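Below is one structure, written out as structure tokens; comments come after it.
Here is the naming used below: chain letters follow the sequence lines, and residue numbers restart at 1 for every chain. This one's a predicted model, so the numbers in the text were calculated from it and none came from an experiment.
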Amino acid sequence: LPSCNAVLEAYSQLGYPDRVRLLFDSMPERDMATWTIVLTAYSQLRHLALVEDVFNNMPFHDLFLWTAMLSAYSLSGNLSKCEKLFLSMKNVDFVCVNAMVTAYARNGHLEECKSLFDKTPSSNLVLQNSMLSAFCKAGYINDAKTLFDSMPERDLVSWNSILDVYCENGDLQETKFLFDLMPEKSTVSFNIMLAAYSQGQQVDLARKFFETMPEWDLVSWSTMLAMNTHNGRFSETIKCFGSMALEAVDADLVSFTSVLLGCNHAGDLKTGLLIFLSMGFDYGIENPTKQQYGCVIDLVARAGYLEVAESLILSMPFVAE
RNA sequence: GUUGGCUCUGGUCCAG
């Protein structure tokens with residue numbers, strides 16, 4: 001059973017919800033861990049109905065499962081259900097309180113977030129990191145800095161969070177200063193620094209910095225794609241998209257959006273269509289969003305193929321506006 | 001003496 005669960009969790013982390021489902025259905029016995037893994041897998045899909053179904057059909061509930069459910073409500077924007085569940089819980093621990101703190105922050109309720117944080121007797125590192133990130137999201141730079149400075153210990157997440165505060169605030173100098181000061185760095189740290197250059201309109205510096213990065217993940221590439229598109233450097237966007245494939249980093253919905261926007265701005269119908277089709281055929285992205293359909297329809301229509309544009313509109317999986 | 005839950009980074013259309 002533990003090994004089954006481990007495989008189940010691996011499928012979930014790799015993003016294979018279908019396999020999670022298949023394995024789950026075929027498992028002869030299941031324990032609490034099994035259910036929690038499945039619930040978490042579904043909640044990452046943002047498919048709340050499915051998650052609630054699992055939760056309600058559970059024979060037993062424990063703290064882990066409740067926390068996973070809190071997180072599911074939080075991710076899907078159901079703050080009131082989240083809060084209700086939290087208040088109904090008899091025992092809570094740090095992980096669970098932290099999930100609730102994050103839920104408030106994620107859904108724009110900084111007051112409640114801060115209040116729960118302050119109310120929690122002995123804070124810990126993760127909780128403080130969540131609060132840091134909450135201040136960042138709300139643009140409370142000074143509160144973030146005060147908290148960061150007062151923390152008895154800091155880990156990589158703390159540093160990345162405070163780095164992001166200055167990056168989001170558009171303070172390139174301070175971001176760079178902190179970045180150089182960091183005791184250790186991860187790809188996330190590099191990605192934040194890259195975003196700071198990009199936000200500061202320092203396209204050339206960003207490009208240079210990108211070259212020096214120890215490794216690139218999907219976020220690094222997406223940041224570059226978006227930057228090139230925003231600055232009207234369409235050929236760079238396409239070049240980037242090609243390099244990304246060469247590095248075997250699979251583009252996702254976010255990175256495709258930047259590329260399609262680039263095609264749109266450049267009025268490159270041929271490339272836009274190729275990319276749009278490749279998204280489904282080669283990358284298995286079956287659910288283009290309105291924004292992506294919008295790019296392609298715009299391109300097609302501007303090129304004068306009004307009938308094609310019309311049939312595209314009719315083929316969309318949602319109602320046209 | 002590790003089978004499961006929480007914290008950090010990317011596109012933001014539409015609307016206004």
Basic-acidic side-chain contact under 4.0 Å: K208(A), E211(A):
no
Does the pair D252(A) and S255(A) meet the rule for a side-chain hydrogen bond (donor to acceptor under 3.5 Å, both in side chains), with working shown?
CA-CA 5 Å; D252(A) 68 354; S255(A) 31; 2.8 Å; yes
Applying a 4.0 Å non-hydrogen cut-off, can you work out what A195(A) is touching in the nucleic acid: base, sugar-phosphate, or nothing?
nothing
Integer-rounded Å distance: C6(B) C1' and W66(A) CH2
17 Å
When you get a sec, tell me which of C8(B), U12(B), G5(B) is the closest nucleotide to the side chain of H230(A)?
U12(B)
Between G5(B), G10(B), G11(B), spot the one nearest the side chain of T223(A), thanks.
G10(B)
Just checking A99(A): base, sugar-phosphate only, or nothing, at a heavy-atom cut-off of under 4.0 Å?
sugar-phosphate
Nearest-Å distance for atom pair CG/P, residues L75(A) and G5(B):
14 Å
Starting from C1' on C8(B), measure out to CZ on F148(A) and report it in whole angstrom.
12 Å
Do D31(A) side-chain and U3(B) base share a donor-acceptor contact under 3.5 Å?
yes
Go through K137(A) and L110(A) one step at a time and tell me if the side chain to side chain contact (heavy atoms under 4.5 Å, CB included) criterion holds.
CA-CA 9 Å; K137(A) 221 159 289 169; L110(A) 189 71; over 6 Å; no
Ignoring hydrogens and angles, answer whether the base of G11(B) and the side-chain atoms of D252(A) contain a donor-acceptor pair closer than 3.5 Å.
no
Please determine, by modelled atom types, if D31(A) and N5(A) share a side-chain donor-acceptor pair under 3.5 angstrom.
yes
Side chain of V126(A) only, heavy atoms from C-beta on: which candidate in C6(B), G5(B), G11(B) is closest?
C6(B)
Would you say the base of G5(B) and the side-chain of D62(A) have a donor-acceptor pair closer than 3.5 Å?
no
Distance only, no hydrogens: is a donor on one side chain within 3.5 Å (strictly under) of an acceptor on the other, for Y42(A) and E52(A)?
no
Base, sugar-phosphate alone, or nothing: which one does Q199(A) contact when heavy atoms must sit under 4.0 Å apart?
nothing
What nucleic acid atoms does D217(A) come within less than 4.0 Å of, heavy atoms only: base, sugar-phosphate, or nothing?
nothing
Classify the side chain of T67(A) versus the base of G5(B) as yes if they form a donor-acceptor pair under 3.5 Å and no if they do not.
yes
Interatomic distance where OH belongs to Y73(A) and P belongs to C6(B) [whole Å]
16 Å
Quick one: label Q128(A) by what it contacts on the DNA or RNA (base, sugar-phosphate, nothing), any heavy atom closer than 4.0 Å.
nothing
Which nucleotide in C8(B), C6(B), G11(B) has an atom nearest any side-chain atom of V157(A):
C8(B)
Q291(A) side chain: which of U7(B), G5(B), C13(B) is closest?
C13(B)
How far apart are the C-alpha atoms of Q128(A) and F117(A), what are their side-chain angles, what is the distance that settles it, and do they pass the side chain to side chain contact (heavy atoms under 4.5 Å, CB included) test?
CA-CA 8 Å; Q128(A) 288 165 346; F117(A) 175 77; 4.0 Å; yes
From CH2 of W35(A) over to C1' of U3(B), roughly how many Å is that when rounded to an integer?
16 Å
Between E29(A) (CD) and U3(B) (C1'), how many Å, whole number?
12 Å
When the distance from CG of N129(A) to P of U9(B) is rounded to whole Å, what number comes out?
11 Å
Hey, is the side chain of R106(A) poking within less than 4.0 Å of OP1 or OP2 on U7(B), counting only N and O atoms?
yes
Side chain of T102(A): nearest nucleotide among G11(B), C6(B), G5(B)?
C6(B)
I want to verify a distance call: between U9(B), G5(B), G10(B), whose nearest atom is closest to the I192(A) side chain?
U9(B)
With the side chain of T289(A) defined as its heavy atoms from C-beta on, choose the nearest nucleotide among U9(B), G5(B), G11(B).
G11(B)
For D155(A) and C8(B), give me the distance from atom CG to atom C1', rounded to whole Å.
9 Å
Pick the C1' atom in U12(B) and in G16(B), then give their distance to the nearest Å.
14 Å
Do the side chain of T257(A) and the base of G11(B) come within less than 3.5 angstrom through a donor-acceptor pair of N or O atoms?
yes
So L63(A), base contact, sugar-phosphate only, or nothing? Heavy-atom distance under 4.0 Å.
base
Name the closest nucleotide to the V254(A) side chain, picking from C8(B), G10(B), G5(B).
G10(B)
N98(A), nearest nucleotide to its side chain (from C6(B), G5(B), U9(B)):
C6(B)
Under 4.0 angstrom, heavy atoms only, what part of the nucleic acid is L1(A) near: base, sugar-phosphate, or nothing?
nothing
Check: D217(A)/S220(A) side-chain N/O donor and acceptor closer than 3.5 Å
yes
